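Residue numbers start from 1 in every chain, and the chains themselves are labelled A, B, ... in the order their sequence lines are given, proteins ahead of strands. Small disclaimer: the values here were computed from a predicted structure and weren't measured.
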Amino acid sequence: MRSPNMPRFLRHRPQRGRVAPPLSDRLPALVAVTADVPARLRALRVMVIGVGSVGQHLAEHLARLQVGRLLLVDPKRLKPESTLTHASGPAATGRLKVLVAGRRCLEISPQTQVAVFAGRVHELPLDTWQTVDVVLMATDNHAAEIETGQRCLNHGRPLIHAAVQPEMLLTQIRCFSNADAQGGCPACGFGAADYELMRRQVKFSCEGQADPGGMAGQLTVPPTRSFSFLCALAADLAINQLLRLLLQLGQPVADTVLEFCGYTNRSVISPLPRNPACRCDHSRYAIATAPRLLGESSPADLVSAAGLASSDVPVTFRVGEFTWVERGACACRTEIPVSRFVAPTASRSQVCAQCQVRIQPLPLFTHRDVPAAVLGRFLSRPLRRLGAGNVRFALIRAGERAVLIRDPANASAAFPGQVTPQPVEVS
Amino acid sequence: MTTPLDARVPRYDLTRLAEVKLRPLLESRFLQASANCGGPPALRHRLLAEARDLFALEEITDRVRLHMLDLAAGLRALIELRAPVPCLPNPNQPLVVESRALLGLTYRPEVVFQPQPGFSFVHFLMPRPIWLPNCSFDASQTLCLGPVLPAGIAVKELLLLVYGALCMTTVTLDPADAAGTLNPAAADWWMRNASRIPLSREPFLTKAAPQL
């Protein structure tokens with residue numbers, strides 16, 4: 001099954017006579033670095049969440065570093081005003097930000113595998129986070145920051161958050177190592193005012209109140225006004241922190257926030273501790289590969305594979321992007337047992353034998369995370385027989401323990417549901 | 001015979017539900033539901049608080065009766081709500097106003113952080129077919145409570161919105177309005193019968209007069 005909500009690779013269109021120069025042509029001899037820097041960067045898989053004023057600069061820097069793989073995530077399109085702060089020009093107005101940035105990255109570094117996801121970070125498939133090594137974030141709303149921070153915590157991926165406060169010519173680079181799930185996360189710094197802004201769905205977008213692409217009813221503060229150089233500065237500092245984290249340059253930057261104020265030309269580095277009252281789930285997923293195809297495994301097998309068979313707290317299952325439909329309804333009956341996993345893209349559904357009307361899942365009896373008690377007698381049936389034949393991953397959770405089990409056929413895929421693409425030809 | 005007004009007004013309001021002392025039966029049902037509460041600690045605390053609010057509502061008013069509560073992965077509740085429920089079994093017959101609705105409430109973990117569309121919380125199992133502009137005229141009978149509801153909205157607020165929607169104290173009759181007209185035919189019908197709106201002006205937290 002291939003969901004429409006999947007990252008997709010961009011294909012390089014080679015230009016006649018152009019040869020991409022190797023990184024080593026401009027690579028400085030970094031002091032006290034013995035590692036093979038080009039090799040480390042070629043092996044690096046980076047996700048950039050938010051490809052706007054800051055994020056587009058981030059993406060292009062990463063392309064110039066010739067990282068191995070780049071995944072760009074942003075649902076929005078470029079506006080005429082974007083030319084004031086973005087790296088792209090006016091010709092790109094109206095196009096998806098990820099496509100514009102992705103194409104520019106491919107032009108800069110044809111050897112980088114560039115994939116794009118034109119959706120919100122919440123819509124990214126859960127196993128996508130396993131396909132990247134580090135995440136860079138430059139978003140415009142608290143909800144996306146929390147979601148990104150949460151996923152990086154769960155999957156143990158370092159997160160570098162670049163932000164600007166233009167009124168003070170301030171840039172902030174937060175570096176969350178997520179070496180274990182006990183460190184800080186973006187939500188750890190939230191106070192009551194931040195949660196109130198999130199509750200009111202406030203976005204800090206360049207588009208401000210004129211944002212037609214936002215969710216209906218979503219409030220925005222007046223548009224964030226910034227300078228191109230300030231956004232680029234945030235991106236520059238974020239990439240510097242990334243290199244320091246990756247190559248262990250200078251003092252450790254893990255779990256610190258770097259602030260640079262343009263009014264005073266001063267920078268301040270502070271620690272990023274965990275807030276004990278943080279509302280996020282500070283737990284790390286254990287990662288496992290199923291001993292056989294997930295479709296051939298039963299939920300009970302998965303519990304055993306996850307090592308949670310003896311758990312005395314309730315166990316829940318998330319089977320890929322499938323939902324478990326316990327009961328549905330049709331025109332003649334208010335409740336009909338269905339007991340099947342249903343794919344989000346399923347075009348066909350069961351039809352009532354009596355009224356010939358399509359059986360609609362009842363929301364109360366439709367589960368994305370299925371409690372074991374709800375599965376009942378179906379616990380020992382293979383997922384394929386329950387409707388989830390082609391499943392990439394399953395998340396088994398018992399209290400604070402969670403295990404992400406990957407399908408052996410998909411575990412080495414570049415992105416969920418995809419095979420690793422062939423190297424791009426460069427003419 | 002009439003019931004004195006003060007006997008029908010509960011001592012608590014929606015802001016003080018945490019102070020409500022549950023009777024032993026409700027307390028034991030709450031503890032039973034708590035035992036199956038799953039997820040990370042912060043979510044569990046939130047779900048338990050929301051669940052207790054539901055039991056507190058059942059304690060102080062007969063408007064709400066909780067038939068099922070599952071906290072294993074988010075909050076799922078089967079709730080009987082005493083409210084006027086407009087139904088139109090046959091377009092050629094008069095409107096029937098039932099006195100109770102059985103509704104399914106789904107409160108997913110992401111509600112805590114993410115604004116959710118207004119149709120993602122409540123659907124009606126009984127009665128059928130409900131004749132409201134913002135209730136879908138299909139098998140699922142999904143109720144739309146607005147375009148987007150704020151992140152972290154409380155369950156008691158959702159129930160208040162549902163009650164307002166059923167009483168039609170809050171109603172959207174314009175089929176072109178993005179605020180949630182799921183049944184244009186019903187919107188048209190109610191526009192032609194606007195004199196019947198609202199169906200009730202009774203406050204949410206009153207107790208029903210005893211049946212004599």
(request) Select one option (side chain, backbone, both, neither) describing which atoms of A:Val374 are under 4.5 Å from chain B's heavy atoms. (result) side chain
(request) For each of B:Gly152, B:Gly104, B:Ser140, tally heavy-atom pairs with chain A at distances under 4.5 Å, and name the one with the top tally. (result) B:Ser140
(request) Below 4.5 Å from any heavy atom of chain B, which atoms of A:His282 appear? Answer side chain, backbone, both or neither. (result) neither
(message) Can you tell me if A:Gln356 has over 12 outside heavy atoms packed within less than 6.0 Å of its CD?
(response) yes
(message) Rounded to the nearest 0.5 Å, what separates atom OG1 in A:Thr366 from atom NE2 in B:His123?
(response) 7.5 Å
(request) For each of A:Ala143, A:Ala329, A:Pro314, A:Pro363, tally heavy-atom pairs with chain B at distances under 4.5 Å, and name the one with the top tally. (result) A:Pro363
(message) For A:Leu362, which atoms come within 4.5 Å of any heavy atom of chain B: side chain, backbone, both, or neither?
(response) both
(message) Need one label for B:Asp70: side chain, backbone, both or neither, based on atoms under 4.5 Å from any heavy atom in chain A.
(response) side chain
(request) Could you check which of B:Cys37, B:Ser120, B:Pro109, B:Ala77 has the highest count of heavy-atom pairs closer than 4.5 Å to chain A? (result) B:Ala77
(request) Report the C-alpha distance between A:His122 and B:Glu110 in whole Å, list the side-chain angles of each, state the deciding distance to 0.1 Å, and finish with yes or no for side chain to side chain donor-acceptor pair (under 3.5 Å). (result) CA-CA 10 Å; A:His122 320 87; B:Glu110 55 265 31; over 6 Å; no
(request) Verify, without hydrogens or angle tests, whether B:Arg76 (side chain) and A:Leu364 (backbone) share a donor-acceptor contact under 3.5 angstrom. (result) yes
(request) Would you mind checking which part of B:Val112 comes under 4.5 Å of any heavy atom in chain A, side chain (CB onward), backbone (N, CA, C, O), both or neither? (result) backbone
(request) Identify which part of B:Leu105 has an atom lying under 4.5 Å from any heavy atom of chain A, answering side chain, backbone, both or neither. (result) backbone
(request) With a 4.5 angstrom heavy-atom cut-off, could you sort out which part of A:Cys280 is near chain B: side chain, backbone, both or neither? (result) both
(message) Could you measure the distance from the CD atom of A:Gln150 to the CZ atom of B:Phe113? Nearest 0.5 Å is fine.
(response) 7.0 Å
(request) Please flag which part of B:Arg46 lies under 4.5 Å from any non-hydrogen atom of chain A: side chain, backbone, both or neither. (result) neither
(message) Out of B:Gly74, B:Ala139, B:Pro129, return the one with the most heavy atom pairs under 4.5 angstrom to chain A.
(response) B:Ala139
(request) For the residue pair B:Thr106 and A:Phe365, establish whether any side-chain heavy-atom pair is separated by less than 4.5 Å. (result) no
(request) Tell me, for A:Arg279 versus chain B, whether the close heavy atoms (under 4.5 Å) come from the side chain, the backbone, both or neither. (result) both
(message) Quick one, B:Pro41 and A:Glu400 - any side-chain contact, counting heavy atoms below 4.5 Å?
(response) yes
(request) Below 4.5 Å from any heavy atom of chain B, which atoms of A:Thr316 appear? Answer side chain, backbone, both or neither. (result) side chain
(request) Would you name the heavy atoms of B:Gly39 and A:Arg397 that are closest together and state the gap between them? (result) CA-CD, 4.3 Å
(message) Please determine whether the number of non-hydrogen atoms from other residues, nucleotides or ligands lying under 6.0 Å from atom CZ of B:Arg192 exceeds 12.
(response) yes
(message) Please classify the contact between A:Arg318 and chain B as side chain, backbone, both or neither, with a heavy-atom cut-off of under 4.5 Å.
(response) neither
(request) Please round to the nearest 0.5 Å and tell me the distance separating atom CD of A:Gln360 and atom OG1 of B:Thr142. (result) 7.0 Å
